[in-house]
Amino acid sequence: MNGIILSNEIEYVNNIRSKCLSIGLQLEKVNSLSDMIVKIFTLKKGFILLDARYPSQILSLLYNYLIKTNILDFKLIILEDFEVVKHFDDYGENCFRCTASNVVDLIKSIQNSDKNISLNGVSDKFLIEKISFELDKLGLSDSMKGYDYLVECLLFEIRNRGRKLNLYNEIYLGVASIFNVDISNVEKCVRVAINKIKKDKTKYYTQIFGDVKLTSKIFIERFSKHIINIIKSS
């Protein structure tokens, strides 16, 4: 579990980093917005902790272009020990605020919330129908050989949300055992199906993924999260 913290208060930052380390969150201090942007695109997921004294334009930039779009999987936490964020209601999901004294409790709460998205009573049949419907909106035909494999990959990722899964040795292996095929066959067919989605690049695709450089792993992680968000909001 990784994160980034941007603040000029060295002792303050070290205090928060020590607190977060106790729950397994390794926070890397960055010294500027540009350094933070580079680190964000390196990590691709985690927590961003930002001193509230930075200009509101920076908060808006981070939230609107990196958090709200779900292009990257980050939670933004605005630290209000020195200044309260004005117009905080302008920010929505995946954006939080707290002080150093309760940052650990907030992060633990966020993690538990992500892991405990209520799918109790939601059948695999329902999830498969939802996944298929969303794949159809991306223009992927169910006649493609990799279609069923990809559906099962997404179902596996959704059912194991909260775990960091190995794409090849866990997801592909699990799907290969279901269809009784070689794991390399699953990998190839899923890759071909995702490449077809990337090539067609529908308007719906752009809404979900933007211009992110899409790999099979990123697609499965992001599209699974997209499905879960749809279920949460329904």
Side-chain angles (χ1 to χ4, degrees), residues 34 36-46 48 60-76 91-95 114 117 124 126-161 164-168 170-172 174-176 178-179 181 183-234:
S34 59
M36 173 174 273
I37 297 297
V38 170
K39 186 56 64 174
I40 285 171
F41 280 97
T42 300
L43 293 178
K44 297 184 172 60
K45 65 184 300 183
I48 299 170
S60 298
L61 172 68
L62 287 172
Y63 181 73
N64 289 320
Y65 292 97
L66 298 178
I67 310 298
K68 183 179 179 180
T69 59
N70 284 325
I71 292 175
L72 298 172
D73 187 10
F74 278 95
K75 312 292 185 185
L76 175 61
Y91 304 106
E93 189 177 15
N94 296 327
C95 186
D114 283 348
I117 294 168
D124 284 355
F126 174 85
L127 287 173
I128 289 171
E129 288 175 351
K130 184 66 69 174
I131 292 168
S132 298
F133 180 75
E134 292 298 312
L135 286 176
D136 291 346
K137 290 169 71 173
L138 291 177
L140 187 65
S141 171
D142 60 7
S143 63
M144 280 198 72
K145 188 175 181 181
Y147 185 94
D148 289 337
Y149 295 165
L150 182 55
V151 169
E152 288 294 336
C153 286
L154 292 164
L155 179 62
F156 193 92
E157 176 77 17
I158 290 170
R159 285 302 191 195
N160 289 276
R161 66 200 181 281
K164 189 173 180 62
L165 298 171
N166 182 283
L167 179 61
Y168 196 86
E170 292 184 90
I171 298 178
Y172 288 164
V175 174
I178 291 172
F179 289 93
V181 296
I183 189 172
S184 62
N185 188 25
V186 173
E187 186 277 331
K188 179 181 178 181
C189 290
V190 167
R191 175 164 36 85
V192 170
I194 292 174
N195 284 340
K196 174 69 166 55
I197 292 172
K198 289 194 293 184
K199 182 180 178 181
D200 292 346
K201 204 167 189 178
T202 64
K203 184 177 180 181
Y204 193 53
Y205 170 98
T206 304
Q207 289 175 3
I208 299 171
F209 299 105
D211 294 324
V212 67
K213 185 177 180 181
L214 209 61
T215 63
S216 296
K217 181 176 177 61
I218 291 174
F219 178 89
I220 290 170
E221 289 177 348
R222 301 288 170 79
F223 202 64
S224 297
K225 184 177 179 181
H226 171 70
I227 299 292
I228 290 172
N229 286 338
I230 289 174
I231 294 171
K232 282 173 62 180
S233 61
S234 62

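Predicted model only: the values in this text are computed from it and were never measured.
- Between R191 and E187, at least one side-chain N (NZ, or NE/NH1/NH2) sits under 4.0 Å from a carboxylate O, which counts as a salt bridge.
- In the displayed structure, F179 atom CZ is contacted under 6.0 Å by more than 12 heavy atoms of other residues, nucleotides or ligands.
- With sequence neighbours excluded, the residues that form a side chain to side chain donor-acceptor pair (under 3.5 Å) with E170 are R163.
- In this structure, L155 CG and K130 NZ are separated by 14.0 Å, a value rounded to the nearest 0.5 Å.
- To the nearest 0.5 Å, atoms CD (E134) and CD1 (I227) are separated by 4.5 Å.
- Nearest heavy atom pair, residue L154 against residue I220, reads CD2-O, 3.7 Å.
- Nearest heavy atoms, K145 versus C189: CD-SG, 3.8 Å.
- For the atom pair CD1 (I208) and CG (L138), the distance works out to 5.0 Å, reported to the nearest 0.5 Å.
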side-chain contact (heavy atoms from CB on, under 4.5 Å) between D142 and V151, worked out: CA-CA 10 Å; D142 60 7; V151 169; over 6 Å; no
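- Counting heavy atoms from C-beta on, the side chains of I158 and I131 come closer than 4.5 Å.
- Using bins of under 30°, 30° to 60° and over 60° for the plane-to-plane angle, the ring pair F219/F223 lands in the parallel bin.
- Using a 4.5 Å heavy-atom threshold, the side chains of K213 and I218 count as separate.
- Using a 4.5 Å cut-off on side-chain heavy atoms (C-beta onward), K137 and T202 make no contact.
- No hydrogens or angles considered: a donor-acceptor pair under 3.5 Å links the side chains of D136 and Y147.
- Listed by chain and residue number, K196 satisfy the salt bridge (charged side-chain N to carboxylate O under 4.0 Å, His left out) test with D200 (two or more places apart in sequence, or in another chain).
- Here CG of L214 is found 5.5 Å from NZ of K198. Values are rounded to the nearest 0.5 Å.
- Not a single side chain to side chain donor-acceptor pair (under 3.5 Å) links N185 to another residue, sequence neighbours left out.
- Between T215 and L167 there is no side-chain heavy-atom pair separated by less than 4.5 Å.
- Counting only heavy atoms from C-beta outward, the side chains of Y168 and S184 approach each other to under 4.5 Å.
- Across all non-hydrogen atoms, the minimal contact from A193 to L140 is O-CD1, 3.7 Å.
- Contact check for V186 versus I171: no side-chain heavy atoms found under the 4.5 Å cut-off.
- Taking 4.5 Å as the limit, some side-chain heavy atom of S132 sits within range of a side-chain heavy atom of I128.
- A ring-ring contact (aromatic ring centres under 6.0 Å, His included) with H226 is found for exactly one of Y205, Y204, F209, namely Y204.
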